[in-house]
Amino acid sequence: MERDSLRDGLKNDNGQTVVEYLLMLVVMATIASSLLIKIKSKYLGDPTKCDKPANAKTLLCKINRLIENRSATEKKFQTFPFKK
């Protein structure tokens, strides 16, 4: 009698859908994280290594260059007084 219940338990597919969805979630998370790492290294770059020509075109280096140029010529913060 115990063998019949064991066979019925192995033939039961109730948990198979959950396992498939969990495996799909793990695969999608792995793909997304690997893509984000590649995007970060290629497009964002490292702002501390902007002096190299290969990194000069990355987004963070361009933003850093804009901030440095602006801070050399202008004030960092500008205030506007309110008239009473």
Side-chain angles (χ1 to χ4, degrees):
M1 187 149 211
E2 290 180 25
R3 289 189 150 246
D4 291 336
S5 64
L6 181 61
R7 286 183 186 161
D8 291 339
L10 292 175
K11 291 180 181 178
N12 191 356
D13 293 337
N14 288 338
Q16 182 178 357
T17 306
V18 174
V19 171
E20 287 175 356
Y21 279 121
L22 286 175
L23 288 174
M24 219 177 344
L25 183 67
V26 168
V27 168
M28 293 303 291
T30 304
I31 290 171
S33 66
S34 65
L35 285 176
L36 289 175
I37 289 171
K38 289 195 182 281
I39 287 172
K40 181 183 175 190
S41 66
K42 185 174 182 178
Y43 293 109
L44 291 181
D46 187 8
T48 59
K49 299 179 182 177
C50 288
D51 54 347
K52 296 181 180 177
N55 293 335
K57 294 182 180 179
T58 60
L59 182 64
L60 288 178
C61 289
K62 288 179 182 179
I63 291 172
N64 194 19
R65 199 174 318 124
L66 286 173
I67 291 172
E68 285 177 356
N69 289 341
R70 175 179 274 177
S71 65
T73 59
E74 298 178 9
K75 297 178 187 175
K76 288 187 178 181
F77 298 104
Q78 191 173 10
T79 59
F80 298 97
F82 290 108
K83 293 181 181 180
K84 293 183 180 182

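When reading the values below, keep in mind they use all heavy atoms of this one structure, side chains included, and skip hydrogens, waters and symmetry mates.
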Query raised in the report: Taking atom CE of M24 as the centre, does the number of heavy atoms from other residues, nucleotides or ligands within less than 6.0 Å exceed 12?
Result: yes
Query raised in the report: What do the steps show when you test V26 against L22 for side chain to side chain contact (heavy atoms under 4.5 Å, CB included), and what is the final call?
Result: CA-CA 6 Å; V26 168; L22 286 175; 5.6 Å; no
Query raised in the report: From L35 CG over to T30 OG1, what is the distance, rounded to the nearest 0.5 angstrom?
Result: 11.0 Å
Query raised in the report: Is there a side-chain contact between L23 and V27, using heavy atoms and a 4.5 Å cut-off?
Result: no
